[in-house]
Amino acid sequence: LIAYNINLNSHDRKIASDIALDVREAGRAKRNSMGKFVREADGTIVKVPGSLKSTKAVGWYIEEYKQAQVSMNLTNFNITSPHQAFDEVCMQAQKRGLRVTGSELVGLIPLNALIDAGLYYLEKQGQSQGIPENEIIHIAIKSLGLDDLAPFDPKEKIIEYRVSDRYGKLANSSIVNFL
């Protein structure tokens, strides 16, 4: 699970919610030409699925940041990656006359997710992907706007880096020293 929020250049929670309904896997309730919910024969509401699989999303206004945000849980980043979610929300925002200003992670992210994002954006830019890992991560951070609201420290936010810093010494210890 990656808890991932995307910031909009708006104060309007309703627009953020509208984008969230369009991208989340569960989608939104289908409406007829009269604006009424369309229902199945058994009375259940028909849903129009969203564009991103393995994604839960909600839109809200963050008073602290003075902006609307699409807050997502990417429940399987191998199915929907952060960069796919970011690009989709950018497209949805643009359709509504808005712009994405950046994003933030709540908690940690797997190294692979950031490497994949960095490689994706390097390819989009027509740049070589044969660069050091820290440069690929830097491209991902800048392209996703992960440092928009606060500094993004890879050592603190990437799971593998955080674990190796804290537990690497124990993992490399002899049994006697470990105990």
Side-chain angles (χ1 to χ4, degrees), residues 1-10 13 15-28 49-62 64-65 67-96 98-166:
L1 174 88
I2 298 173
Y4 184 52
N5 301 329
I6 299 178
N7 310 317
L8 304 171
N9 67 334
S10 174
R13 182 200 58 79
I15 295 174
S17 291
D18 196 47
I19 291 171
L21 288 169
D22 281 348
V23 301
R24 69 183 186 185
E25 183 173 23
R28 64 169 70 231
S51 56
L52 299 174
K53 301 284 184 210
S54 298
T55 301
K56 297 176 182 182
V58 65
W60 52 28
Y61 175 74
I62 306 296
E64 177 184 352
Y65 303 147
Q67 65 189 149
Q69 201 176 62
V70 178
S71 179
M72 294 182 281
N73 283 334
L74 307 176
T75 58
N76 185 338
F77 76 92
N78 292 308
I79 294 174
T80 296
S81 65
H83 63 272
Q84 289 168 319
F86 184 84
D87 282 0
E88 180 65 19
V89 171
C90 284
M91 186 183 75
Q92 293 292 334
Q94 186 176 21
K95 283 175 24 180
R96 293 162 172 86
L98 298 180
R99 187 172 85 66
V100 167
T101 61
S103 65
E104 68 175 343
L105 285 169
V106 179
L108 304 175
I109 187 168
L111 175 61
N112 242 17
L114 276 186
I115 294 291
D116 290 349
L119 294 173
Y120 168 79
Y121 288 112
L122 283 167
E123 184 177 323
K124 275 185 84 168
Q125 297 165 9
Q127 301 293 318
S128 170
Q129 296 179 348
I131 60 175
E133 181 176 280
N134 66 325
E135 289 296 319
I136 295 170
I137 291 167
H138 177 76
I139 292 294
I141 293 167
K142 289 300 182 185
S143 298
L144 296 170
L146 287 169
D147 56 359
D148 176 52
L149 298 173
F152 185 92
D153 182 357
K155 291 179 187 168
E156 289 298 315
K157 298 300 275 183
I158 297 174
I159 295 169
E160 291 83 350
Y161 292 177
R162 188 117 177 233
V163 169
S164 71
D165 282 352
R166 297 205 175 156

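These numbers come from a predicted model, not from an experiment.
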>> Under the criterion side chain to side chain contact (heavy atoms under 4.5 Å, CB included), I'd like the reasoning laid out for Arg96 against Asp22: C-alpha separation, chi angles, the key distance, then a yes or no.
In response: CA-CA 12 Å; Arg96 293 162 172 86; Asp22 281 348; 2.5 Å; yes
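- Judged by distance alone, with hydrogens and angles left aside, the side-chain atoms of Ser143 form no donor-acceptor pair with the main-chain N or O of Ala140 at under 3.5 Å.
- In this structure, Arg162 pairs ionically with Glu156, as a charged nitrogen and a carboxylate oxygen lie closer than 4.0 Å.
- The line from CG of Asn7 to OG1 of Thr101 is 4.5 Å long, rounded to the nearest 0.5 Å.
- One finds the OG atom of Ser10 at 4.5 Å from the CD1 atom of Ile15 (value rounded to the nearest 0.5 Å).
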Under 3.5 Å, which donor-acceptor pairs do the side chains of residues 70-79 form with other protein atoms, sequence neighbours left out?
{"unit_1": "Ser71", "atom_1": "OG", "unit_2": "Asn5", "atom_2": "OD1", "d": "2.7"}
{"unit_1": "Thr75", "atom_1": "OG1", "unit_2": "Ser54", "atom_2": "O", "d": "3.0"}
{"unit_1": "Asn76", "atom_1": "OD1", "unit_2": "Asn78", "atom_2": "N", "d": "2.9"}

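- Annotation for Ala20 and Gly59: closest pair CB-N, 3.6 Å, computed over non-hydrogen atoms.
- Residues Gln92 and Glu88 bring a donor and an acceptor atom of their side chains to less than 3.5 Å of each other.
- Applying the 6.0 Å contact sphere to NZ of Lys56 captures no more than 12 heavy atoms from other residues, nucleotides or ligands.
- For CD of Glu135, the number of neighbouring non-hydrogen atoms (other residues, nucleotides, ligands) closer than 6.0 Å is greater than 12.
- Taking the side chain as every heavy atom from C-beta outward, Glu104 and Asp148 never approach each other to under 4.5 Å.
- With Ser103 contributing its side chain and Ile6 its backbone, the two residues share no donor-acceptor pair below 3.5 Å.
- Within the 4.5 Å cutoff, the side chain of Asp87 has heavy atoms near those of the Tyr121 side chain.
- Taken from CD in Glu64 to CG in Leu149, the straight-line distance is 8.5 Å, to the nearest 0.5 Å.
- In the displayed structure, Glu123 atom CD is contacted under 6.0 Å by at most 12 heavy atoms of other residues, nucleotides or ligands.
- Residue Ile141 comes nearest to Pro154 through the heavy atom pair CD1-CG, 3.8 Å, listed as atom of the first residue, atom of the second, then distance.
- Residues Arg28 and Asp18 meet the side-chain proximity criterion, which asks for heavy atoms closer than 4.5 Å.
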> Do Ile109 and Tyr4 pass the side chain to side chain contact (heavy atoms under 4.5 Å, CB included) test, and can you show the C-alpha distance, the side-chain angles, and the key distance before you say yes or no?
Replying inline: CA-CA 9 Å; Ile109 187 168; Tyr4 184 52; over 6 Å; no
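- Using a 4.5 Å cut-off on side-chain heavy atoms (C-beta onward), Ile2 and Pro110 make contact.
- Under a 3.5 Å cut-off, the side chain of Thr55 and the backbone N or O of Lys53 do form a donor-acceptor pair.
- One finds the CZ atom of Arg24 at 12.0 Å from the OG atom of Ser51 (value rounded to the nearest 0.5 Å).
- Here the straight-line distance linking atom OH of Tyr161 with atom CG of Asp153 works out to 11.0 Å at 0.5 Å rounding.
- The side chain to side chain contact (heavy atoms under 4.5 Å, CB included) with Leu114 is formed by just one residue from the set Ile136, Leu119, Ile158; it is Ile158.
- In terms of heavy-atom proximity, Leu144 sits nearest to His83 at CD2-CA, 3.9 Å.
- Between the side chain of Gln67 and the main chain of Leu8, a donor-acceptor pair closer than 3.5 Å is present.
- In this structure, Phe152 and Leu105 approach most closely via the heavy-atom pair CE1-CD1, 3.5 Å.
- Within the 4.5 Å cutoff, side-chain heavy atoms of Leu111 are placed close to those of Ile137.
- Taking CG from Leu108 and CG from Leu1, the interatomic distance works out to 11.0 Å, rounded to the nearest 0.5 Å.
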